[in-house]
There are 2 protein chains.
Amino acid sequence: MNKKHIQEKLKYIEDFYTAVNGKWKLSILIVMYNNNKRFKEIQNSIPKITNRVLSKELKDLEVNKLITRTVYDTTPVTIEYEVTEYCMTLKPIIQMMTDWGKNHRETIAGRK
Amino acid sequence: MNKKHIQEKLKYIEDFYTAVNGKWKLSILIVMYNNNKRFKEIQNSIPKITNRVLSKELKDLEVNKLITRTVYDTTPVTIEYEVTEYCMTLKPIIQMMTDWGKNHRETIAGRK
DNA sequence: ATTATCGGTATCCTTTTGTATATCGGTTAC
DNA sequence: GTAACCGATATACAAAAGGATACCGATAAT
């Protein structure tokens with residue numbers, strides 16, 4: 001594999017990283033794959049995430065076309081978030097990551 | 001899928017995240033999968049990474065048993081870094097990430 | 001009247017990550 | 001003599017991410 005090829009790969013991995021970087025995005029997606037649509041539902045499903053961070057992360061995910069945000073004219077207002085079809089392309093990767101994480105936890109025994 | 005199952009998944013994805021988080025680790029691994037072993041080689045293969053950050057990231061990767069560090073008694077001293085067999089379990093995931101990133105770049109056209 | 005809902009935003013602060021630059025000691029090369 | 005190698009560490013700083021807390025308006029519920 002030549003140098004140019006690697007440089008390309010580095011660009012692509014950077015794009016991947018940009019789309020899902022940070023402490024919370026993967027967790028948010030995992031929860032949302034399971035059909036949690038409302039802000040509070042998502043928040044309640046993820047231990048320790050603040051509304052401030054969740055709000056920002058959802059915005060990022062929307063910009064990257066991984067989720068949609070639909071506003072309903074109710075009282076109080078209702079917002080629904082949903083993973084896009086495009087986001088489903090990420091699901092098998094995230095599943096593999098999760099499996100790997102499980103395995104890693106066992107491999108690095110004693111780590112908390 | 002029940003709540004407990006999701007909470008487990010969140011733990012595992014956190015473990016995954018802890019192992020490879022940050023701007024540089026994935027890039028470092030990509031370069032190292034391609035058999036770059038020496039500190040300077042790795043650094044020269046990754047645009048814009050500083051020696052300070054590379055040093056720290058390599059240390060993290062070693063702690064997580066993803067790479068090994070071998071010291072040779074030469075003058076000047078020679079250090080070789082190598083991906084572990086264990087780290088090879090990550091390779092297909094990273095490959096999928098890279099492919100996804102390439103696709104994402106095209107999907108989000110116009111983004112730099 | 002107060003409290004709750006809803007999905008946020010505002011403000012302030014702390015922590016973490018990352019950048020830029022210099023330096024280290026024991027050699028070797030020019 | 002100076003510069004280079006080697007893989008770091010030191011220092012100072014900037015930027016980003018994340019945590020903690022309070023608050024918003026238009027209702028509805030108690």
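The chains referred to below are lettered A, B, ... by the order of the sequence lines, with proteins before strands, and numbering in each begins at 1. Predicted model only: the values in this text are computed from it and were never measured.
A single hydrophobic cluster is seen to contain both A:I93 and B:L26, as judged by linkage of ILVMFWY side chains at heavy-atom distances under 4.5 Å, directly or through other members.
With sequence neighbours excluded, the residues satisfying salt bridge (Lys or Arg N to Asp or Glu O under 4.0 Å) with A:K56 are A:D60. Annotation: salt bridge (Lys or Arg N to Asp or Glu O under 4.0 Å) contacts of A:E14 (sequence neighbours excluded): none. Checked against side chain to side chain contact (heavy atoms under 4.5 Å, CB included), B:K65 has the following partners two or more places apart in sequence or in another chain: A:I108, B:Y86. In this structure B:K11 satisfies the salt bridge (Lys or Arg N to Asp or Glu O under 4.0 Å) test with no other residue, sequence neighbours excluded. For B:N44, the side chain to side chain contact (heavy atoms under 4.5 Å, CB included) partners are B:K40, not counting sequence neighbours. Residues passing the side-chain hydrogen bond (donor to acceptor under 3.5 Å, both in side chains) test with B:R52: none are found, sequence neighbours excluded. Qualifying salt bridge (Lys or Arg N to Asp or Glu O under 4.0 Å) partners for A:K37, counting only residues two or more places apart in sequence or in other chains: A:E82.
Within residues 67-79 of chain A, the residues approached by DNA chain D to less than 4.0 Å at the level of any non-hydrogen atom are A:T75, in residue-number order.
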Considering only nitrogen or oxygen atoms on both sides, find all protein atoms under 3.5 Å from nucleotides 10-12 of chain C and state each distance.
from   : atom 1 : to    : atom 2 : distance (Å)
C:dT11 : O4     : A:R52 : NE     : 2.6

Any N/O pairs under 3.5 Å between the protein and nucleotides 14-17 of chain D? List them or say none.
none

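Every pair tested for salt bridge (Lys or Arg N to Asp or Glu O under 4.0 Å) that includes a residue from residues 67-81 of chain A fails, sequence neighbours excluded, so the list is empty.
Here the P atom of nucleotide D:dG18 and the CG atom of A:L26 are 11 Å apart, to the nearest Å. Residue B:W24 contributes atom CH2, which lies 12 Å from atom C1' of C:dT17 at whole-angstrom precision. Between the CG atom of A:L58 and the P atom of C:dC6 there is a distance of 16 Å, given to the nearest Å. We find that NZ of B:K25 is positioned 11 Å from C1' of C:dT16, with the value rounded to whole Å. Straight-line distance from the CZ atom of A:F39 to the P atom of C:dG7: 8 Å, rounded to whole Å. If you take CG of A:L54 and P of D:dG18, they are 12 Å apart, rounded to a whole angstrom.
Heavy atoms of A:K59 sit under 4.0 angstrom from primed sugar atoms or phosphate atoms, though from no base atom.
Comparing B:E57 and A:E80, the nucleotide of DNA chain C nearest to each residue sits closer to the 5' end for A:E80.
Cation-pi geometry between A:K23 and B:Y17 is not met at under 6.0 angstrom from the ring centre and within 45 degrees of the axis.
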Report all side-chain donor-acceptor pairs from residues 94-101 of chain A shorter than 3.5 Å, counting only partners two or more places apart or in another chain.
from   : atom 1 : to    : atom 2 : distance (Å)
A:Q95  : OE1    : B:K9  : NZ     : 2.8
A:Q95  : NE2    : A:D99 : OD1    : 3.0
A:T98  : OG1    : A:I94 : O      : 2.6
A:W100 : NE1    : B:T89 : OG1    : 2.8

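OP1 or OP2 of C:dT9 sits under 4.0 Å from a side-chain N or O of A:S55.
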